[in-house]
Every structure is written in structure tokens, then in C-alpha cells.
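Heads up: the structure comes next, in C-alpha cells.
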Amino acid sequence: MIYPLRRAALAALLLGVSATAMQAEMMAATAPPDAPKFDAQVEPVYVNRSDIAEFKALPAYSEPAWVKAFVDAGKLPPVAERLPKEPMVYKTANMPDGNGVYGDVMRHVIGGRPEGWNFWAGQTYGWGGIDIALVECLTRTGPLFEVNAADLQPMPNLAKSWEWAEDGKSLTVHLIEGAKWSDGDPFDTEDIDFYWNDVVMDPEVTPLMGASQETYGVGTTLDIIDAYTFKMNFTTPFPEAVLYAMAYGNFCPGPSHVLKPQHPKYGGKSYAAFHDAFPADMMNFPVMGAWVVVEHRPDDIIVTRRNPYYWKVDESGQQLPYLDEVQYRLSTWGDRDVQAVAGTGDFSNLEQPENFVESLKKAADPSSPARLAFGPRSIGYQLFFNLSANGWGEPDARAQAVRELNRNLDFRKTVTYAVDRQRIGDSLVKGPFTALYAGGLLTSTSYYDPASTVFYPFSLDSAKEALKAAGLEDTDGNGVVNLPGGEDLNVTLLVNADYATDKNVAEGVVAMMADVGVKVTLNSLAGKDYDNAREGGKHDWYIRRNDQEFVSVVQGISRLAPTGPATATWHYANAKGELDLLPYEQKLVDDITAFNSTQDAATRADAMKDYQKTFTENVNAVGLTAYPGALIINKRFANIPLGAPIFMYNWAEDNIIRERVFVPADKQIGAELHPGELAGKLGEGTIKAE
Ligand code: GLA
């Protein structure tokens with residue numbers, strides 16, 4: 001093939017200088033630049049886990065008077081019979097405002113929509129804290145933001161304790177005894193059995209957050225010992241990551257007494273029928289969470305009412321939660337910010353920088369109904385390359401050619417050099433918020449090490465050099481580089497349409513890539529469609545707001561590298577289960593394995609240093625921008641812990657421990673939509689005491 005004169009060479013000829021002298025070199029990678037100082041952070045009050053809660057029986061229990069009326073009317077057993085033998089007791093000393101009073105509502109606004117209540121078959125509830133409130137898990141990690149480093153381990157929750165075997169190859173887990181689902185059915189190892197054998201281990205069923213056997217380690221098995229005890233057996237000693245994989249998103253068992261009869265193994269019609277068996281308009285789905293769904297008006301609101309069987313109390317014996325109702329307005333994520341500062345909504349994770357200035361201005365007014373507190377820089381966006389070249393997502397010839405390029409370091413360098421992170425950050429918000437993000441671990445994790453972080457500075461010349469080194473040139477002079485076959489290179493960038501920020505960041509990337517001759521077309525999809533395209537490998541590149549693993553390392557660690565067929569969001573296995581890892585990806589996997597196979601802090605820190613170096617040096621993903629988020633919460637709420645970040649081990653909806661949040665009597669607003677009502681039978685209406 002005869003190439004036309006390279007443009008650089010032509011220019012050199014015209015200028016009378018030699019082409020080799022013109023050949024620019026790629027700029028050297030550097031250490032990551034210092035992030036602008038951002039002082040608006042409040043430190044948490046650090047405690048040990050046992051300072052927060054314990055499991056014990058109290059001499060007496062109480063409940064709101066209006067719930068007691070149900071007991072008096074014979075519609076509910078007495079509170080002491082509804083509670084477990086030893087409920088979880090939140091300690092007063094750890095409550096910022098002490099034991100609370102009953103009543104009032106938290107009015108959330110969310111951008112997602114409920115598909116149905118079968119979380120275990122993959123249905124979303126719409127995010128924004130609704131699933132976090134309905135679904136309880138064996139352990140809990142949200143509140144760990146305030147736990148001393150020396151005591152850092154998941155908190156007990158439905159699992160009240162656990163012990164490792166001497167050789168670390170098995171873990172015996174003790175469930176809370178005598179806790180009940182919101183419809184009064186006992187919670188016990190039948191629920192664990194169903195979750196493990198018929199959800200996790202059933203290849204036809206994928207729970208919402210994708211838990212699979214690999215989440216707990218390849219080869220892990222589970223034995224039921226008795227009604228409240230089970231044992232997990234591992235192939236490696238002391239896989240502590242399992243305790244994190246028991247927290248929100250993963251080991252959150254569903255109500256087997258209603259799920260099981262719909263599962264095809266036990267007489268259910270089909271897997272599709274199982275998936276759809278609990279549609280979003282079916283009320284009173286049994287939960288272990290503090291509130292039960294009693295009303296859903298599509299695109300309008302979901303109303304949840306207190307769970308009379310909730311298994312947590314305060315030290316004075318008051319059954320939790322304190323809030324009688326929690327509402328979720330079905331709107332947009334941007335509207336959540338607007339409503340929270342206006343006082344028509346109660347809560348927002350201010351996570352879209354486009355809303356920072358306006359929200360800060362409003363919140364600074366002393367008469368503002370809401371308080372706003374910034375946390376660490378724990379929100380980050382990365383651009384990921386689809387690194388599978390063996391069929392994930394069934395690419396056509398064009399997509400396959402892009403995949404091959406994605407696997408070429410020079411091509412990935414083109415992208416990172418071409419990204420002007422300063423411009424991306426400034427386009428979202430001016431000021432000290434956004435930082436130039438190298439990719440990989442965020443600075444907010446204790447495992448972040450700047451010396452192990454490789455940063456490729458913005459340089460169009462370097463990007464162009466890298467492009468040449470990757471063998472790409474604009475052979476037809478139309479401003480777009482061509483593939484060896486002659487066609488223009490056209491890359492599809494998948495982006496989440498639910499957030500203005502995702503869209504703005506993506507548009508910035510498209511423009512910057514055009515500057516070096518790489519044509520990028522956006523594929524902007526909302527909600528589940530975005531997730532399905534990403535998890536289905538239907539993309540060349542995608543932009544994603546980081547999940548917990550890049551913020552905390554320990555929570556969701558299996559997603560930090562392709563440790564299994566479907567763990568790392570950028571590289572799943574093909575239909576045959578084969579993963580074609582690049583050598584550096586194998587190193588990432590080895591680092592995660594090294595981290596997981598030791599309890600030694602220094603070895604773990606080293607493993608993560610190596611991980612970060614390998615990740616950033618090889619441009620596994622392109623860091624785009626990182627910034628802090630702020631928690632906006634209405635001033636009438638008490639017991640909001642100091643320094644609760646909007647995102648760390650989990651989202652703020654978990655971090656603030658909503659079941660302990662209350663509104664002092666003189667501040668209650670009387671906004672309940674179902675006062676005096678409790679959830680009725682599955683699929684029916686609410687019930688009243690009279
Ligand atoms: C969405 C929101 C987050 C948070 C989570 C909770 O992702 O964007 O701020 O509310 O839901 O799952």
C-alpha cells in the first residue's frame with residue numbers, strides 16, 4: 001500500500017527542515033499534579049464498630065402509640081414478640097442527638113424508576129436509597145466512614161457474628177435469632193439457602209448487583225448448619241473480602257417464603273415469570289428493611305411505611321425506625337438537588353458539579369431549609385476501553401477493529417494525552433472542586449499512593465505521536481484517522497443519559513478526540529439500558545462514575561480487575577467463559593489476589609501500590625475528573641453523623657443510618673401520606689388499627 005505523504009513530512013519539506021527533527025516525542029508521564037486545596041470538609045468522629053451498636057435483650061420495648069393500637073386491636077402481636085431474642089441496639093452515646101422520637105417523613109427525590117421488586121432476579125428499584133432502605137444485608141459497610149482504621153471491618157447486621165476456622169478455610173456465620181420479615185415470617189437460613197443455591201449459584205438468575213460464586217471466591221461452597229448458622233468453605237485461607245461481599249449489594253437475602261414458589265426449580269413457570277413475579281404495582285413486598293412499600297404511582301411517587309417487625313431498637317427499647325414514613329418522588333437526579341435546597345425535598349447527594357454553585361449559594365442563606373456539607377473527593381469519572389477481543393458482546397468487524405486498538409497501549413495513550421482534564425473540570429464547575437484525575441484509585445482511599453500513580457499530562461502533540469505509534473493516520477485528509485482497511489475510525493462511546501454530568505463529560509471527550517482525528521459517536525442510554533449495554537459488552541468505550549472499589553478498595557474489590565468472568569466492568573469473558581487478559585491485566589488480577597490472600601497491612605498496601613502503578617502506567621482507564629460531593633439534608637433532621645460522605649463504602653443513604661434519624665416533635669411537618677397505616681398483605685392495600 002502506498003501512503004500519501006505524511007502531513008508532518010510535507011510541512012517539514014515546505015519549511016526546509018528535516019522530517020526527523022520534526023518528529024516530536026511523547027511527553028514523559030509525570031506524578032499526578034496536586035489537587036486544588038479544598039477545605040470545606042468536616043471530619044467524622046471516629047469510633048470502633050462496637051461503639052455504634054450491639055446485639056442484646058433489653059428489659060422492655062416500646063413502639064409508636066399508633067402502632068400499639070394495632071396490637072390492642074389484635075391485628076399485630078405485641079412488640080416484644082415481633083422483635084428478635086436479641087435485637088440490634090444502637091448506642092445512645094454514638095447518636096449525634098441521642099435517642100429520638102417517633103413521627104414525620106423523609107422525602108427523597110430519585111431519578112430512577114422501579115422495575116419490580118425481584119432484586120434477586122435483577123430488577124432495580126430506582127436507586128437513590130430505596131433499595132438500600134428495603135434490602136438489608138448480612139454485614140454493613142456504609143457507616144465505616146467513621147470507624148477507626150485499626151477496627152476497620154464490616155459491621156455485623158443480619159449476621160450478628162462470625163468466626164474463621166483455624167486454617168482460615170471456612171467461616172461460620174451466626175444470624176440474628178428470631179428476626180422476622182415485615183409480614184411476620186421468620187428470617188432464617190431458609191432464606192440463606194435460597195439466596196445461595198437458587199440465586200447466586202443458579203446460572204439462570206442474576207441478582208441486581210451481579211453477585212455470583214466468584215464474588216465469594218471461585219470454588220466457595222456454603223453449608224447450612226441450623227436455623228441460624230451457616231458455614232462458607234473457601235479454597236484460600238482468610239478471604240476477608242467475603243465479609244465485604246456480604247454487605248449492601250451482594251449478600252442481601254430475599255424473602256424465600258414468597259420468592260421460592262415462583263422459582264422454576266420449585267414450580268415457578270419459567271425464569272422470565274420468576275423475574276416478573278413481583279411487579280412494581282404489587283404492594284407490601286416483604287422486607288427486612290425499616291420501611292415497606294405501600295404505594296406506587298408511576299412517574300410520581302413511592303411511599304414506604306414503617307416495618308412493624310423491624311429488628312433494631314435504641315437503648316431505651318424504642319423499636320426503630322423513628323421516621324414513620326419515607327417517600328421517594330420519582331423525578332430526576334438534578335431535581336433532587338433543586339428540591340433539597342428549596343426544602344420541598346429532604347435529601348440529596350450533591351454529585352453533579354453543574355449544581356454546586358447554585359446549591360452553595362442557596363444553602364449559605366441562614367434561612368435555608370437545608371444544610372450542605374462537602375466530603376472528600378470521592379466522586380470520579382473514568383473512560384474505560386472494551387478490552388475483550390474474543391467476542392464479549394459479539395462485536396462486528398468495525399467494533400472488533402476498535403477492540404484490537406483498545407488493546408494497544410499507544411492507542412490508549414492517545415486518548416489520555418488528548419484529554420484536557422482541566423477543561424473538563426472547568427466545564428462542570430469553576431473553582432477548587434475538580435481535580436485532574438490520573439485514573440485508578442481515588443485520593444480518598446487510604447490505599448492511594450501518589451508515588452505509584454502515573455499521570456500522562458495533556459498534550460496534543462503527544463497524543464498525535466501516540467496515534468502514529470499505534471499505526472493510525474489520516475490517509476484521506478478528511479481530518480479523521482483511518483483504519484488499515486481505509487475506513488474512518490469511528491468509536492462509539494457509551495454514556496449514562498440519567499445524569500447531566502455524564503453527558504457533559506462525554507461531550508468534552510468527543511470534542512477533544514476530534515482534535516486529534518479520532519471520531520467518537522455518543523451512545524447515550526438511560527437507566528437499565530445503559531447497564532445492559534455495558535454489562536453486555538455492547539460498546540467500544542464507556543464513561544462511568546466510579547463504584548465503591550475505586551473509592552474504598554475493600555468494598556467491591558473483585559471488580560478492580562478481571563478476577564472472574566464478569567467482575568471488571570471493562571472486560572468480561574466471552575460466551576464460553578474465556579477471558580483474553582492482556583499481560584498487564586493479569587498483573588492487576590495478581591495484585592488483587594495478593595491483596596486478598598493476606599491480612600498483613602504492609603503486604604496489602606504494596607499490592608495496591610503495584611495495582612495503581614500498573615493500572616495508570618498502562619492507561620487501563622482514562623481518569624477524567626474527580627471532585628467532592630456534598631450531602632444536602634433538611635435542617636429538621638437529627639442524628640445525622642458528622643462528616644458523612646455522600647459516597648465511600650456505600651452511599652450516604654446508608655452512611656447516615658436512616659433508621660436512627662429523627663425529627664424533634666416541634667419540627668415535624670405533618671407530611672405523611674398514609675398516617676396511621678401499615679403495610680397489609682402482599683398485593684393488597686394498607687391496614688388501619690380500627
Ligand atoms: C444513584 C444516585 C446516588 C445515590 C445512589 C444510591 O446512583 O446517583 O447519589 O443516591 O443512587 O444507590
Side-chain angles (χ1 to χ4, degrees), residues 106-115 119 122-137 140-143 145 207-210 247-250 252 289 291 302 304 326-341 345-356 359 372-381 428 495-505 525-531 534 543-552 555-556 569 627-633 644-658 661:
M106 187 175 279
R107 299 164 304 165
H108 286 275
V109 174
I110 68 176
R113 296 293 181 270
E115 277 186 291
F119 186 91
Q123 290 190 309
T124 166
Y125 294 176
W127 311 109
I130 178 164
D131 50 335
I132 295 174
L134 296 177
V135 173
E136 295 257 357
C137 314
R140 186 173 192 178
T141 56
F145 75 90
L208 182 61
M209 315 280 262
Y248 167 72
N250 293 312
C252 317
W291 300 273
I302 294 174
T304 66
V326 175
Q327 303 168 358
Y328 300 87
R329 270 273 163 224
L330 304 175
S331 179
T332 64
W333 298 114
D335 187 42
R336 178 171 71 168
D337 300 338
V338 173
Q339 294 220 34
V341 288
D346 291 325
F347 176 104
S348 191
N349 296 322
L350 181 63
E351 60 195 357
Q352 302 199 73
E354 296 89 334
N355 292 348
F356 281 11
S359 305
L372 183 157
F374 270 96
R377 273 200 184 85
S378 65
I379 307 291
Y381 279 87
L428 302 176
V495 58
N496 187 334
D498 293 335
Y499 297 90
T501 308
D502 296 52
K503 213 170 144 264
N504 289 336
V505 168
L525 296 178
K528 239 340 191 5
D529 292 337
Y530 170 83
D531 293 334
R534 195 184 50 68
I543 282 177
R544 181 165 164 86
R545 186 181 68 190
N546 287 333
D547 273 327
Q548 291 99 327
E549 61 275 16
F550 290 109
V551 190
S552 77
Q555 185 64 58
T569 63
Y627 54 81
L631 180 59
I632 310 179
I633 197 150
I646 71 161
F647 190 50
M648 196 171 271
Y649 299 90
N650 198 353
W651 289 98
E653 292 92 334
D654 190 35
N655 304 349
I656 64 170
I657 316 183
R658 272 176 295 178
V661 168

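Residue indices begin at 1 and follow the sequence shown. We count ligands from 1, going down the list as the structure has it; atoms in each ligand are counted the same way. The model shown is predicted, which means the values in this text are computed figures rather than measured ones.
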*What residue among R107, E653, Q339 forms side-chain contact (heavy atoms from CB on, under 4.5 Å) with F347?*
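Result: among R107, E653, Q339, E653 is the only option passing the side-chain contact (heavy atoms from CB on, under 4.5 Å) with F347.
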
Tell me whether [X] contacts the main-chain N or O of [Y] through its side chain, where contact means a donor paired with an acceptor under 3.5 Å.
X	Y	answer
R113	L330	yes
N655	P645	yes
E351	G629	no
S378	F647	yes

*Any idea which atoms of ligand 1 are less than 4.0 Å away from a heavy-atom of W127?*
1 (C), 11 (O), 12 (O)

Relative to ligand 1, is [X] under 4.0 angstrom through side chain, backbone, both or neither, heavy atoms considered?
X	result
W333	side chain
Q352	neither
H108	neither

Looking only at protein heavy atoms, which one is nearest to [atom], and what is the separation?
atom	result
atom 10 (O) of ligand 1	E653 OE2, 2.6 Å
atom 3 (C) of ligand 1	E351 OE1, 3.5 Å
atom 11 (O) of ligand 1	G128 N, 3.0 Å
atom 7 (O) of ligand 1	R545 NH2, 2.8 Å

Polar contact flag for [X] and ligand 1 (N/O pairs, less than 3.5 Å):
X	value
Y248	no
I132	no
N349	yes

*Compute the minimum heavy-atom distance from Y499 to ligand 1 and say whether it is under 4.0 Å.*
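Flag set, Y499 near ligand 1.
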
*Reported CZ-to-CZ distance for the pair R329 and R336, which is rounded to 0.5 angstrom*: 15.5 Å

*Indicate whether the side chain of E354 and that of N504 have a donor and an acceptor atom separated by less than 3.5 Å.*
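The criterion, which ignores hydrogens and geometry beyond distance, is satisfied for N504 and E354.
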
*Just wondering, more than 12 heavy atoms not from K503 lying within 6.0 Å of its NZ?*
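No, because the 6.0 Å sphere around NZ of K503 holds 12 heavy atoms or fewer from other groups.
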
